[in-house]
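All remarks here apply to the structure that follows.
Heavy atoms only: backbone and side chains are in, while hydrogens, waters and symmetry mates are out.
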There are 2 protein chains.
Amino acid sequence: MSSRRKVPPDEDLTTRARIRDAAIACFGEKGLGVTVRAIAERAGVSPGLVIHHFGSKANLRKVCDDHVRQVVYEIKKESVSHPSSDGMLRSLKEIDKYSGLLAYLFRAMQEGGELSRHLYEAMVADVESYLELGVREGTVRPSRDPARRARWLAANGFGSILVLVTMQQDTENPDFSQVLRDWEEQYVLPALEVYTEGLLVDRTMLDGYLVYISDPPEEER
Amino acid sequence: MSSRRKVPPDEDLTTRARIRDAAIACFGEKGLGVTVRAIAERAGVSPGLVIHHFGSKANLRKVCDDHVRQVVYEIKKESVSHPSSDGMLRSLKEIDKYSGLLAYLFRAMQEGGELSRHLYEAMVADVESYLELGVREGTVRPSRDPARRARWLAANGFGSILVLVTMQQDTENPDFSQVLRDWEEQYVLPALEVYTEGLLVDRTMLDGYLVYISDPPEEER
DNA sequence: TCCGAGGCTGAACAAGCGTTTAATGTATTG
DNA sequence: CAATACATTAAACGCTTGTTCAGCCTCGGA
């Protein structure tokens, strides 16, 4: 039984897994339109073998999605069980390890689809629970609509990074750790400013909108 | 001279312009990977004619980019000279007219490139000038770094819409006016809340960060 | 009236794509 | 050892793509 190993001795990964990893790397670096031939070349196999193992390119994408989703899940689980003392700052330094993963995630998010929605919904749920905790602890102000505030904040945070990466994408290979370092360096201050002190001086716009939604103007419809 | 018109009498647009408009519509609806044949069919011409007029598909993209850029410029100019009384609300109602334009812009922004960067930089500049005006008028709080705050706010606002559209993109044809109406309905309240009242109760995080950047910890480097 | 330039078409071309297929090697099983 | 199953490959297939080409039609100018 134990001698019935099909794992090649020179590599510690199955050929199938090597193809999958090569595909994730290629999708991340060159976009989701990358050819099966390019993936095969990177994995050191023939194009036919890729199809032989995964049936089709679409299914290969699906397998990559599932794998990335699971790796993200494991990373998240580990970061919960091993809470780092520095919080975000430390995790920013660990980003280099996952830059390939992030590149793939970025491409997947650009395209939309199941993986995007699933991860985004998970992110929204996380933000909402964090905010709820903050409200209970007294560090975060309560909201008139906590669920929508969480969605809005998640869309802001994630979307701003998406925009930053997209705009900085002229060179072929976007360096995600660099982009995220830039993001930290440039935007933490204005974000903390606005989140702490607000943006508007007076309440006229907010109060005006609250009146507006409680008594919407009649229109032709 | 005046009789030397080449414009077909049944249509008020040149064939070239009709192809261009069809291309913008197709790019917006079906993505930037849409085929030349689909564009030709929509314009009611043969695929060869598209190339005959524009040389290549890449150049057609460029012409579309330039055209969209100019239309955006003219809309902006008009909205400055004819400031609507209702401000944003009125412009939200005018969005239906430009939903095709917005679809193209969305696709272009997803891909990155010259048009994206140009329009994004223009947007950042607009936000910065609006904020500056608000600060002078006393409606917007001053910032320790106005330029970066403007960039952050622009990335947030634009990125959040980008995320919303991307996530809501399972059906083939994203209805942009609907997405933007959703955005208005769901996120104006939390946005005004946070911008008016802030998100955090106390200043510990902001003050902590201000100390951190004025006296960064020594690290191995 | 004739001519020629240019808008325009339908068919074809060359390249690239994902995928299939037949064949070869290789290891495990009976 | 023979047989079976599987990993693997090179070549080719069918399809779609952007683009080209030869010829048609139309219309303004001499």
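- Taking atom CD1 of residue A:I51 and atom P of nucleotide D:dC13, one finds them 18 Å apart after rounding to whole Å.
- In this structure, B:T35 contributes its side chain and B:A38 its backbone to a donor-acceptor pair below 3.5 Å.
- Per the geometry, CZ belonging to A:R16 stands 12 Å off P belonging to D:dT8, to the nearest Å.
- For the pair A:D65 and A:R61, the salt-bridge criterion is met [side-chain N within less than 4.0 Å of a carboxylate O].
- Mapped onto DNA chain D by nearest heavy atom, B:T35 and A:R37 fall at different nucleotides, with A:R37 at the one closer to the 5' end.
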Exercise. Passes salt bridge (charged side-chain N to carboxylate O under 4.0 Å, His left out), B:E121 versus B:R151? Steps please.
Worked result: CA-CA 9 Å; B:E121 289 302 324; B:R151 288 198 98 78; 2.7 Å; yes

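- For B:L49, counting side-chain heavy atoms from C-beta on, the closest listed nucleotide (C:dT19, C:dT9, D:dT19) is C:dT9.
- Between C:dC8 and B:H53, a contact under 4.0 Å exists linking OP1 or OP2 to a side-chain N or O.
- Side chain of A:S116 to main chain of A:A108: a donor-acceptor pair is present (N/O by atom type, distance under 3.5 Å, no hydrogens or angles).
- Across all strands shown, A:V34 has heavy atoms under 4.0 Å from sugar-phosphate atoms exclusively, and none from any base.
- Going from atom CZ of A:F54 over to atom P of C:dG18 covers 15 Å, rounded to whole Å.
- The distance between atom CD1 of A:I19 and atom P of C:dG18, rounded to the nearest whole Å, is 14 Å.
- Protein atom NZ of B:K57 is 8 Å distant from nucleotide atom C1' of D:dG18, rounded to whole Å.
- Under 4.0 angstrom from either OP1 or OP2 of C:dG6 there lies no side-chain N or O belonging to B:H52.
- If you check D:dT9, C:dT9, D:dG18 against the side chain of A:V45, the one that comes closest is D:dT9.
- Phosphate contact (OP1/OP2 of C:dC8, side-chain N/O of B:T15, threshold under 4.0 Å): present.
- Ion pairing between A:R42 and A:E29 holds under the 4.0 Å rule for side-chain N and carboxylate O.
- Counting to the nearest Å, the P atom of D:dT16 and the NZ atom of B:K30 are 15 Å from each other.
- One atom, CG of B:N59, and another, P of D:dT20, lie 12 Å apart when rounded to the nearest Å.
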